[in-house]
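Shown next, in structure tokens, is the structure this report addresses.
The basis for the numbers below is simple: all heavy atoms, side chains too, and nothing from hydrogens, waters or symmetry mates.
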Amino acid sequence: VPTTSPSPVFDRTVAVLCGGVGAARLLAGLMDVLPAASITAIVNVADDTEIHGLSISPDIDTIVYTLAGAIDPERGWGLAGESWQALAALERYEGVRPPGSSAANRWFGLGDKDLATHFYRTQRLAEGATLTAVTAEIATAWGLGLTILPMTNDRLRTFVTTAQFGRIPFQEFFVRHRHAINALSVEFEGAVAASPGAAVVDAITTADLVIIAPSNPLVSIGPILSIDAIRTAVEGRRADVVAVSPIIAGKALKGPADHMLASAGIEVSAAGVAAHYRAVAATMVIDDLDAELASAVAAEGLRPIVTDTVMTSRERAAALCRTILGMT
Ligand code: GDP
Ligand code: CA
């Protein structure tokens, strides 16, 4: 439920590199302190997938539903007040599905109302619209005034290599196997050939401030920076780039970021994240609980800002954003 918003207090433009949940929370805070028209979200689409023939963009939808106040607060994904009748009705077809078919798979949760978003996106893409255009239409339909840009309109997909299942698409790792299995390595298929989405590089180049949201550094921010022209643009703005650590007190608040950083040989701490981002960010926001890591962050060449970064309410998210904008 959206709370009453104070009037925007800052007059700056920001571009935010985004995954799903961590980014959505930060964007909700930004919407309370900046005019929506000053905010551009550049969103990971390497988690995108096709299920039942539908084009699904999980990070974009998490951001749209969160900012619209429509997200299910307990699950953190999908719509509040959702029903699951379509998915349940697929059970009838499981028995007749030939071996090797993915028809009637039910491991990817698609609520009845959520399906409307995927129907719309799928049909518009089939009509030849770009994901950039369709995303703008979806954001407008939900009454959102910020700009939400997919990082690319090309096919760029995350694959995870695991000991148990070999090399599998990201959603099989993340949803089907509930990331309970270890990721040995991560690849971004299509990254070399992918171009930045429309207006992405321009947003990075012209924003007063670039923020790296507290999203998974490897599988949410990683794919965005795997596109050469985007990485170069962000590196070119390094002095004005501030990253928010998704790791607090040595743990991810949600999801597999901590285990994945460990597998990648990155220290599971705000300092490890700082080391990972040293070429792209000059400032790093770390949590009060990690205050003692400030000097380690500085030693990596990033200016530390220590504050409350746990965005369990919109007020806390807005307070974090006020601190970021006030100190950068
Ligand atoms: P996903 O794409 O939906 O999995 O989400 P993201 O990649 O955007 O975010 C996952 C990361 O967000 C996890 O590593 C969390 O630790 C981090 N995160 C989620 N909520 C918060 C928060 O309130 N504060 C901070 N600092 N990090 C958060
Ligand atoms: Ca994601």
Side-chain angles (χ1 to χ4, degrees), residues 1-45 47 57-73 76-80 117 132 135-136 138-151 197 199-200 203-204 207-217 220-221 223-224 234 241-246 253-255 257 281 285 307-326 328:
V1 180
T3 52
T4 47
S5 309
S7 355
V9 285
F10 291 96
D11 178 24
R12 326 255 297 271
T13 57
V14 297
V16 188
L17 307 191
C18 297
V21 175
R25 289 175 161 188
L26 187 89
L27 289 169
L30 280 176
M31 294 281 277
D32 283 348
V33 301
L34 287 172
S38 303
I39 305 169
T40 301
I42 297 163
V43 186
N44 173 41
V45 291
D47 297 3
S57 297
D59 287 352
I60 288 173
D61 293 345
T62 293
I63 288 171
V64 168
Y65 294 166
T66 300
L67 297 183
I71 197 95
D72 183 281
W77 55 269
L79 291 163
T117 304
T132 302
T135 301
I138 290 172
T140 301
W142 284 92
L144 301 177
L146 81 166
T147 302
I148 303 178
L149 301 175
M151 68 189 194
V200 166
I204 293 166
D208 294 322
L209 184 70
V210 177
I211 300 176
I212 301 178
S215 290
N216 188 314
S220 292
I221 304 301
I224 303 176
V234 177
V241 178
V242 49
V244 182
S245 177
L253 290 184
K254 195 171 188 284
V285 182
T307 190
D308 176 18
T309 69
V310 182
M311 298 177 281
T312 44
S313 70
R314 192 150 179 159
E315 289 73 21
R316 282 175 89 168
L320 169 60
C321 291
R322 238 176 259 118
T323 302
I324 292 172
L325 289 164
T328 49

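With values rounded to the nearest 0.5 angstrom, Asn44 atom CG is found 5.0 Å from Asp59 atom CG. To the nearest 0.5 Å, the span separating CG on Leu253 from OG1 on Thr312 amounts to 9.0 Å. Taking OG1 from Thr117 and CG from Leu79, the interatomic distance works out to 6.0 Å, rounded to the nearest 0.5 Å. Separation of atoms CG (Asp47) and OG (Ser220) is listed at 5.5 Å; rounding is to 0.5 Å. In this structure, the separation between CD1 on Ile39 and CG on Leu146 is 6.0 Å, given to the nearest 0.5 Å. Between atom CD1 of residue Ile138 and atom CG of residue Leu144 there is a gap of 11.0 Å, rounded to the nearest 0.5 Å.
Counting heavy atoms from C-beta outward, Leu26 and Ile211 have side chains that approach closer than 4.5 Å. At a threshold of 4.5 Å between non-hydrogen side-chain atoms, the residues Leu27 and Leu30 count as touching. Side-chain contact check for Pro246 versus Pro217: some heavy-atom pair is nearer than 4.5 Å. Ile221 is not listed as a side-chain neighbour of Asn216, based on a closest heavy-atom distance of 4.5 Å or more. No side-chain heavy atom of Leu149 sits less than 4.5 Å from a side-chain heavy atom of Val43. Ile60 has its side chain within reach of Pro150: a pair of non-hydrogen atoms, C-beta onward, lies under 4.5 Å apart. With a 4.5 Å cut-off on side-chain heavy atoms, Ile212 and Val241 count as touching. Side-chain contact between Val242 and Val210 is absent, with no heavy-atom pair separated by less than 4.5 Å.
The two residues Gly22 and Met311 come nearest to each other via the heavy atoms O-CE, 3.8 Å. In this structure, Thr62 and Trp77 approach most closely via the heavy-atom pair OG1-CB, 4.5 Å. Minimum interatomic distance between Gly20 and Ser215 (heavy atoms only, all atoms of both residues): N-OG, 4.2 Å. For the pair Gly76 and Ile71, the tightest heavy-atom approach, listed with the atom from each and the gap, is O-CD1, 3.8 Å.
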Legend entry - Intermediate values then yes/no, side chain to side chain contact (heavy atoms under 4.5 Å, CB included), Cys18 and Ile63: CA-CA 9 Å; Cys18 297; Ile63 288 171; 3.8 Å; yes
Inset, instruction - Given side chain to side chain contact (heavy atoms under 4.5 Å, CB included), test Leu325 with Val14 step by step and report yes or no. - result: CA-CA 10 Å; Leu325 289 164; Val14 297; 4.0 Å; yes
Inset, instruction - Mind running side chain to side chain contact (heavy atoms under 4.5 Å, CB included) on Ile42 and Val16 for me, showing each step along the way? - result: CA-CA 6 Å; Ile42 297 163; Val16 188; over 6 Å; no
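Without hydrogens or angle criteria, Asp208 side chain to Thr13 main chain gives a donor-acceptor distance under 3.5 Å. When atom types are taken as modelled, the side chain of Ser38 and the backbone of Leu34 share no donor-acceptor pair closer than 3.5 angstrom.
Exactly one of Arg25, Arg322, Arg314 qualifies for a salt bridge (charged side-chain N to carboxylate O under 4.0 Å, His left out) with Asp32. That residue is Arg314.
Take Arg316 and apply the salt bridge (charged side-chain N to carboxylate O under 4.0 Å, His left out) test, not counting sequence neighbours, and it matches Asp308. Asp72 is linked by a salt bridge (charged side-chain N to carboxylate O under 4.0 Å, His left out) to Arg75, counting only residues two or more places apart in sequence or in another chain.
Aromatic pair Trp142/Tyr65: centroids less than 6.0 angstrom apart.
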